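Quick note: numbers below take in every heavy atom, side chains included, and nothing from hydrogens, waters or symmetry partners. Since the model is a prediction, treat every value here as computed from it, not as a measurement.
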Amino acid sequence: MVRDPAGVEETPDLQAVLNALDDPDCRAIVKQLDEPMTASEISDAADIPLSTVYRKLDALSEASLLSELTEVRSDGHHTTRYDLDFEEVSLSVTKDQELDVTVSRPSRSAEEQLADMWSEVRKET
C-alpha cells in the first residue's frame, strides 16, 4: 500500500507495522534509506539478496512505511525508487485497552505529490 496521493490517509494496519518493524531485513532497509533508492541499490547497500529485498519492500509498503516514486526516463524504461514515508511510529493504548498505531509523515513538496500521483496513474493503466 503506497501513501494516498490525494492526501487522504488511512490508518496503517497495526499488525503489518509491527511485523515490518520486527523483521531484521526490513530494519536494515529502513537504515539504508536516507534518500530514494532502487531495489538494486537497496540490495547492494543492505547486503540483502534482491529477491528478499522485493519481499521486504512489499512488507514495508503494506505497513505504509514506504513511498514508491516512478522516475520517468526519455528512453521509456522507467525506474521505481523507494523512500521512507514516516518520521515516527508511535504505539499507544486506547481507552478500550487496545493498541493503536500512529505514523507521523514527512511533509511533501508539490513535486513529490505529483510523483505520487503519477505512480498511481501508472498502476491503473
Side-chain angles (χ1 to χ4, degrees):
M1 168 183 6
V2 177
R3 188 170 167 190
D4 181 5
V8 179
E9 295 291 332
E10 287 185 26
T11 302
D13 179 64
L14 172 65
Q15 195 60 54
V17 171
L18 293 175
N19 289 346
L21 295 177
D22 185 45
D23 186 288
D25 288 335
C26 287
R27 290 194 309 270
I29 289 170
V30 167
K31 187 175 181 177
Q32 295 300 319
L33 284 174
D34 54 355
E35 64 182 5
M37 299 171 79
T38 65
S40 294
E41 291 169 340
I42 294 167
S43 176
D44 292 341
D47 196 29
I48 300 171
L50 189 57
S51 60
T52 301
V53 166
Y54 280 114
R55 285 195 314 276
K56 302 310 175 175
L57 290 172
D58 284 343
L60 288 163
S61 292
E62 177 68 26
S64 299
L65 300 176
L66 284 185
S67 60
E68 295 177 29
L69 309 167
T70 300
E71 184 178 289
V72 179
R73 296 184 177 175
S74 59
D75 64 4
H77 299 301
H78 306 311
T79 301
T80 301
R81 294 192 174 274
Y82 300 89
D83 199 10
L84 293 182
D85 199 20
F86 71 97
E87 291 179 341
E88 180 178 276
V89 175
S90 302
L91 292 175
S92 59
V93 178
T94 67
K95 57 185 167 186
D96 296 330
Q97 296 301 93
E98 295 183 13
L99 285 178
D100 185 40
V101 64
T102 304
V103 178
S104 300
R105 308 276 182 203
S107 59
R108 309 291 280 182
S109 70
E111 183 177 295
E112 290 169 322
Q113 291 174 20
L114 183 59
D116 288 346
M117 285 191 279
W118 174 247
S119 292
E120 289 301 312
V121 167
R122 290 204 72 237
K123 286 180 189 174
E124 305 232 352
T125 59

For residues 91-99, which side-chain donor-acceptor pairs fall under 3.5 Å, sequence neighbours excluded?
unit_1, atom_1, unit_2, atom_2, d
T94, OG1, D96, N, 3.2
T94, OG1, E98, N, 3.1
T94, OG1, E98, O, 3.3

| query | Who passes salt bridge (Lys or Arg N to Asp or Glu O under 4.0 Å) against E41, sequence neighbours left out? | reply | R81

| query | Mind checking what makes salt bridge (Lys or Arg N to Asp or Glu O under 4.0 Å) contact with D23, not counting sequence neighbours? | reply | K56

| query | Rounded to the nearest 0.5 Å, what separation is found between the CD1 atom of I29 and the CD1 atom of I48? | reply |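 So the CD1 of I29 and the CD1 of I48 are separated by 4.5 Å.
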
Looking at [Y], is its backbone amide N or carbonyl O close enough to the side chain of [X] to form a donor-acceptor pair, meaning the two atoms are under 3.5 Å apart?
X   : Y   : value
R27 : D22 : yes
N19 : Q15 : yes
S43 : A39 : no

| request: Give a yes or no on this: more than 12 heavy atoms of other residues, nucleotides or ligands lie within 6.0 Å of atom CG of D34. | output: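 Enclosed: over 12 neighbouring heavy atoms sit under 6.0 Å from CG of D34.
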
Taking only residues two or more places apart in sequence, or in another chain, which ones meet [X] in a side-chain hydrogen bond (donor to acceptor under 3.5 Å, both in side chains)?
X   : value
T70 : S119
T79 : R73
S90 : E88

Mind listing the closest non-hydrogen atom pair of [X] and [Y] along with its distance?
X   : Y    : result
F86 : V103 : CB-CG1, 3.5 Å
A63 : P12  : O-CB, 3.7 Å
S67 : D85  : N-CB, 3.7 Å

